[in-house]
Amino acid sequence: MFEPLILLTGLVLITAWGVTYWRCRDALHPLMYIAPLMAFQYVVRPWQLYSQGELQRFFPATWMLELSALVHFLGVVGFCLGCLPPRNPVRGPVIWRTFITPTARRNLIRLAIVLGCISAFFFYYSVFGAGGITKAFGRPKGGGMRLASGYFGEAIGLCLPAIVLLLFAWRKEKLRLRQWLLIIFLASPYLLTGFLGTRRGPTFMILGGMAFTWFLVRSSRPRLVKVVGTVLMIAFIVVLLFTNRSRWYIGSPEPIDWSAPWRFLTGKAGASEGDDYVVATANIAVRYHTGKFGWGRSLLITFFVRPIPKQLWPTKYQDAAEFLFSPREAVTSEDMRDLVGWVPASGSAIGGVADLFREFSWGSALAMFLYGLFYRIVWQRAREYQGFWMILYITAASLSIYIPTQSMSAVFHRFLFLSIPLAALWRAFIGPFTYQAAPPGPQWYHVQESAKRIFVAPS
């Protein structure tokens with residue numbers, strides 16, 4: 001049953017991908033680039049490992065592989081159903097565009113610089129606190145020192161909306177050298193973390209944020225081949241960094257292995273106790289066998305306890321875990337070793353489907369449906385209302401790498417941290433100066449009607 005379920009998962013993704021484009025003709029619909037990422041993680045990769053006997057080496061019991069394939073199949077079905085566009089054409093512009101006044105443009109630039117400087121301050125403070133760039137990134141998966149507050153650490157991610165806002169403001173200009181230097185500086189926290197620290201998330205987020213912004217502000221509709229090709233190219237860069245993690249750092253005595261990503265993508269590199277699909281399968285099997293599910297309690301800790309500063313509640317994680325969990329409900333390394341005979345590598349990721357199964361058992365299919373529905377709503381709102389919704393859409397799109405590779409909370413805690421303060425700043429400094437809030441008058445009415453004739457898709 002393992003192989004048929006994997007093939008059915010691939011068929012669902014291909015069908016959803018085709019139906020989505022047939023319905024909306026929008027190359028920037030989330031399924032256009034998320035489906036290929038899911039296809040590799042949930043179809044191509046397990047098929048390769050199974051055909052080479054790697055999965056059988058870790059899971060001698062067939063039911064574990066079949067259970068994992070079934071859980072991932074149902075999760076993919078749920079996500080695709082939630083993310084599918086409506087049957088009726090989505091109202092909105094063929095070309096994603098918004099009109100802003102010169103005042104809003106200046107405020108966009110100022111806001112982008114402020115957010116970018118906050119990000120750069122905390123990043124370089126942590127790096128130089130660790131001994132400088134050479135020392136901080138002079139080891140595999142390097143980085144700066146841990147900051148005193150989690151808010152300071154998360155503030156480094158503000159470089160993403162800073163770049164998005166800056167490119168949004170400069171969309172009609174031919175960028176000069178000083179503008180490119182400013183972009184590189186503001187993006188440097190994630191560029192250095194990604195390329196020198198070989199981190200998958202920051203690399204995809206900053207490159208994806210730039211790419212999606214460029215697609216959205218162009219004067220012509222982005223073509224499907226360019227959108228998908230760009231996302232796959234960024235994904236290949238991520239794989240190149242990931243597969244060379246032990247070699248890619250300052251002062252490394254080993255040369256870069258340029259063939260490593262090809263071996264990984266073709267399955268010739270084999271698997272280890274830290275492989276995403278292997279760890280996901282182990283977690284699904286152990287949770288199913290022991291019946292120890294989180295039932296959303298871990299998410300409560302992430303979204304309601306984690307935001308409380310540790311200076312106010314130093315033992316917040318321990319107290320919350322003791323209150324929400326009993327010792328018998330926690331999965332231990334002994335549970336893992338008793339069932340599969342090994343323990344996953346420290347820091348391993350399991351992907352969105354396995355993470356939600358860990359929390360909600362078979363209800364993970366419904367949770368994945370809501371996951372996909374979230375992406376559909378953000379995309380639809382961005383198409384219809386543009387403005388700030390476009391910024392939210394770009395943020396969500398740049399986080400899409402986490403859907404097949406990491407937990408659901410990895411997406412939403414970053415999305416909320418970036419979007420909530422940005423929404424307040426946009427409402428105060430940008431929103432009043434967009435075209436919807438412009439003073440009425442014959443000249444502005446002519447501009448609006450011209451924009452409708454040019455940019456609004458025919459019904």
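Here the structure is a predicted model, which means the values were calculated and not measured.
- A salt bridge does not link R45 with D276: none of the charged nitrogens is closer than 4.0 Å to a carboxylate oxygen.
- For the pair R199 (side chain) and K141 (backbone), a donor-acceptor distance under 3.5 Å is present.
- The aromatic rings of Y277 and F2 stand perpendicular to each other, their planes meeting at an angle above 60°, with 30° marking the opposite boundary.
- Between F293 and F357, the two ring planes are perpendicular [angle over 60°; tilted spans 30° to 60°].
- In this structure L232 satisfies the side-chain contact (heavy atoms from CB on, under 4.5 Å) test together with P36, V228, sequence neighbours excluded.
- By the ring-ring contact (aromatic ring centres under 6.0 Å, His included) test, W63 pairs with no residue at all, sequence neighbours left out.
- By the 30° and 60° cut-offs, the orientation of the rings of F412 relative to F303 is perpendicular.
- Counting heavy atoms from C-beta outward, R376 and L373 have side chains that approach closer than 4.5 Å.
- Judged purely by atom type and a 3.5 angstrom limit, R381 has no side-chain atom pairing as donor or acceptor with the backbone of W389.
- In this structure a side-chain-to-backbone donor-acceptor pair under 3.5 Å is missing from Y42 to A69.
- Atom CE of M336 is separated from atom CH2 of W342 by 7.0 Å, given to the nearest 0.5 angstrom.
- Looking at residues two or more places apart in sequence or on another chain, you find no side-chain contact (heavy atoms from CB on, under 4.5 Å) involving M233.
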